[in-house]
Chemist: 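Below you will find the structure I want to go over with you.
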Number of protein chains: 2
Amino acid sequence: MDIKTSCLGVLSICDASGYEIRKAFEDGPFSHFAEGGFGSIYPALNKMEADGLVTCTTQAQDKRPAKKVYSITTKGRLALMDALAKDPADDKYKSDFLFSMFFADFQSARRIERLIDDRISQFEKEISHLGDPDNECMGVPKMTEGADFVRRFGLHMHQAAVEFLKEEKFRAVSAALKGESLVNQSSEAAE
Amino acid sequence: MDIKTSCLGVLSICDASGYEIRKAFEDGPFSHFAEGGFGSIYPALNKMEADGLVTCTTQAQDKRPAKKVYSITTKGRLALMDALAKDPADDKYKSDFLFSMFFADFQSARRIERLIDDRISQFEKEISHLGDPDNECMGVPKMTEGADFVRRFGLHMHQAAVEFLKEEKFRAVSAALKGESLVNQSSEAAE
DNA sequence: AAGATATATTTCATTTCGATATATTAAAAC
DNA sequence: GTTTTAATATATCGAAATGAAATATATCTT
């Protein structure tokens with residue numbers, strides 16, 4: 001899904017500024033499967049305004065910088081539905097953590113332990129975030145069936161990850177420890 | 001992890017051409033957490049050759065186009081270790097499937113069912129791939145402890161995904177069906 | 001014999017990322 | 001009470017990555 005469609009998705013729920021769209025990708029209901037930085041969002045909104053998919057109103061705010069609030073148009077909703085009708089691209093999971101763990105044999109047991117502990121706490125943070133009933137859909141309290149499905153999917157996956165890491169931590173650290181002692185033996189033998 | 005480090009990771013296991021590195025991202029031991037297309041791999045290899053991280057030998061082949069085989073240098077191994085020593089960036093999961101499912105309320109029950117079924121069969125395909133004992137590490141049969149850890153992690157996560165989807169399919173399709181009948185009722189009432 | 005599939009690299013426009021600059025105000029620390 | 005930090009808000013731009021097509025050769029399938 002390109003950044004434009006992702007923005008339309010957010011705007012289909014409620015009007016928002018670029019900054020608020022960013023927050024929806026960061027903390028909101030899309031946080032565990034979509035993303036986009038300012039550098040992609042603002043140009044996408046400009047392009048879509050020119051194409052008539054969204055409209056923009058500058059709102060002066062009391063005690064806050066002015067913001068440009070975008071609304072989705074009928075043409076924009078049609079574009080979103082068109083994108084939804086296409087077969088979705090394959091999911092992709094990118095993980096520096098797994099890349100590091102792949103080379104566990106070249107790293108210290110201490111390092112491996114920290115890597116796993118950090119990842120567990122990050123997953124647990126996301127679990128409490130997804131499980132939080134106050135975590136409303138951008139101020140829209142009524143969650144649709146679809147929104148709840150993806151929320152529970154994320155919850156389930158993060159829980160599975162924590163489960164695996166807690167179960168496998170001892171084995172991974174032990175193996176790293178064993179590797180270290182082999183290194184020590186060979187360096188002692190070299191002396 | 002940038003594309004250069006990912007390539008170094010592959011080359012640290014064995015020498016390879018750009019094409020073979022691509023295959024390692026597509027089907028190999030990195031397939032479920034790293035990626036990279038030709039458009040990124042070839043420029044990365046050129047850059048790294050210029051920087052002395054890899055060396056290149058053109059190998060004429062019988063009955064195949066010639067290939068450029070890259071080998072990692074000591075400097076390259078150090079660069080890989082440096083990258084491994086840094087704190088890994090957050091994992092990211094990008095899913096058009098979940099994006100579509102978020103808007104399940106606007107889609108037909110048939111569509112929702114197909115979306116879920118397709119995703120299940122994709123996950124199952126990856127499960128059999130990761131579980132396959134013949135799926136060697138680019139022809140290197142001996143799997144390290146780290147490589148096996150990430151393999152089992154991938155297996156566990158994919159299994160968790162299938163589990164969720166099979167369990168929740170009925171509920172999701174039923175909800176979509178209910179939505180359809182509401183639409184039918186309102187259009188009947190309008191007549 | 002034709003067409004599809006696999007090996008192999010290059011190129012390039014479009015898209016996205018990531019970091020920085022700019023400005024304002026609220027909250028927190030000292 | 002004042003400085004610093006965090007949050008709100010947008011714009012910009014070079015660097016990096018993506019994705020698709022172009023090019024070439026050889027094998028396998030029908």
Side-chain angles (χ1 to χ4, degrees), chain A residues 1-8 10 15-28 30 34-51 54 56-70 83 86-92 94 96 99 138-139, chain B residues 1-8 10 15-28 30 34-51 54 56-70 83 86-87 89-92 94 96 138-139:
Chain A
M1 218 55 81
D2 63 12
I3 190 73
K4 282 181 209 150
T5 309
S6 302
C7 289
L8 288 177
V10 175
D15 293 355
S17 64
Y19 188 82
E20 287 161 347
I21 291 172
R22 174 82 214 287
K23 275 203 303 182
F25 291 153
E26 187 85 4
D27 303 313
F30 295 88
E35 47 176 351
F38 296 129
S40 338
I41 293 170
Y42 287 115
L45 289 171
N46 287 332
K47 182 80 201 309
M48 289 198 293
E49 194 189 1
D51 293 345
V54 300
C56 173
T57 335
T58 303
Q59 277 187 4
Q61 291 182 112
D62 207 39
K63 309 188 175 180
R64 283 267 175 274
K67 64 178 173 179
K68 290 184 179 176
V69 176
Y70 291 88
K86 281 180 192 140
D87 279 350
D90 285 355
D91 290 10
K92 47 189 174 181
K94 201 174 183 191
D96 282 11
F99 186 88
M138 301 157 65
Chain B
M1 215 57 79
D2 62 12
I3 189 72
K4 283 181 209 150
T5 309
S6 302
C7 289
L8 288 177
V10 176
D15 292 355
S17 65
Y19 188 82
E20 288 160 346
I21 291 173
R22 174 81 214 287
K23 275 203 304 183
F25 291 154
E26 187 84 3
D27 304 313
F30 295 88
E35 49 175 350
F38 297 130
S40 342
I41 293 169
Y42 287 112
L45 288 171
N46 287 332
K47 183 80 202 310
M48 290 197 294
E49 194 189 0
D51 293 346
V54 299
C56 173
T57 335
T58 303
Q59 276 186 3
Q61 289 182 111
D62 207 39
K63 309 188 177 183
R64 284 265 176 276
K67 64 178 173 180
K68 291 183 179 178
V69 177
Y70 290 87
K86 282 180 192 139
D87 279 351
D90 285 355
D91 290 9
K92 46 189 174 182
K94 200 172 182 190
D96 282 9
M138 298 157 66

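Letters A, B, ... mirror the listed sequences (proteins, then strands); counts begin at 1.
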Chemist: Nearest to the side chain of I3(A), heavy atoms from C-beta on, is which of dA9(D), dT16(C), dA17(D)?
Modeler: dT16(C)
Chemist: Ignoring hydrogens and angles, tell me if any N or O in the side chain of E49(B) forms a donor-acceptor pair with the backbone of N46(B) under 3.5 Å.
Modeler: no
Chemist: Expressed in angstrom and rounded to an integer, what is the separation of Y42(B) atom OH from dT7(C) atom C1'?
Modeler: 9 Å
Chemist: Report the distance from atom NZ of K4(B) to atom C1' of dA16(D), rounded to the nearest whole Å.
Modeler: 9 Å
Chemist: With a 4.0 Å cutoff (strictly under), does any side-chain N or O of K47(A) reach OP1 or OP2 of dT15(C)?
Modeler: no
Chemist: If the cut-off is 4.0 Å, is K23(B) near the phosphate of dT7(C), judged by side-chain N/O to OP1 or OP2?
Modeler: yes
Chemist: Between S17(A) and dT10(D), does any side-chain N or O lie under 4.0 Å from OP1 or OP2?
Modeler: yes
Chemist: Taking the nucleotide of DNA chain C with the nearest heavy atom to each, does P43(B) or G39(A) sit closer to the 5' end?
Modeler: P43(B)
Chemist: Check the distance between dA9(D)'s P and L45(A)'s CG and give it to me in whole angstrom.
Modeler: 14 Å
Chemist: If I compare all heavy atoms of A83(B) with all of T5(B), which pair ends up nearest, and what's the gap?
Modeler: CB-CG2, 3.5 Å
Chemist: Just how far, in rounded Å, is C1' of dA16(D) from NZ of K94(A)?
Modeler: 10 Å
Chemist: Without decimals, in angstroms, what is the distance between D90(A) CG and dT18(D) P?
Modeler: 15 Å
Chemist: Can you measure D2(A) atom CG to dA20(D) atom P for me and round it to whole angstrom units?
Modeler: 12 Å
Chemist: Just checking G18(B): base, sugar-phosphate only, or nothing, at a heavy-atom cut-off of under 4.0 Å?
Modeler: sugar-phosphate
Chemist: Within the structure provided, determine whether L8(B) and V54(B) are in side-chain contact (heavy-atom separation under 4.5 Å).
Modeler: yes
Chemist: Quick check for you: among dT10(D), dA8(C), dT18(D), whose closest atom lies nearest to any side-chain atom of E35(B)?
Modeler: dT18(D)
Chemist: Provide, to the nearest angstrom, the distance between the CD1 atom belonging to I41(A) and the C1' atom belonging to dA9(D).
Modeler: 12 Å
Chemist: Where do E35(B) and I3(B) come nearest, in terms of heavy atoms and distance?
Modeler: O-CD1, 3.7 Å
Chemist: Using side chain to side chain contact (heavy atoms under 4.5 Å, CB included), reason through L45(A) and I21(A) one step at a time and then give a plain yes or no.
Modeler: CA-CA 10 Å; L45(A) 289 171; I21(A) 291 172; 4.0 Å; yes
Chemist: Nearest of dA17(D), dT10(D), dT7(C) to any side-chain atom of K68(A)?
Modeler: dT10(D)
Chemist: Counting only side-chain nitrogens and oxygens, does Y19(A) get under 4.0 Å of the OP1 or OP2 atom of dT10(D)?
Modeler: no
Chemist: Just N and O in the side chain of S40(B): are any of them under 4.0 Å from OP1 or OP2 of dT18(D)?
Modeler: yes
Chemist: What is the distance from CZ of F38(B) to P of dT10(C), rounded to the nearest Å?
Modeler: 12 Å
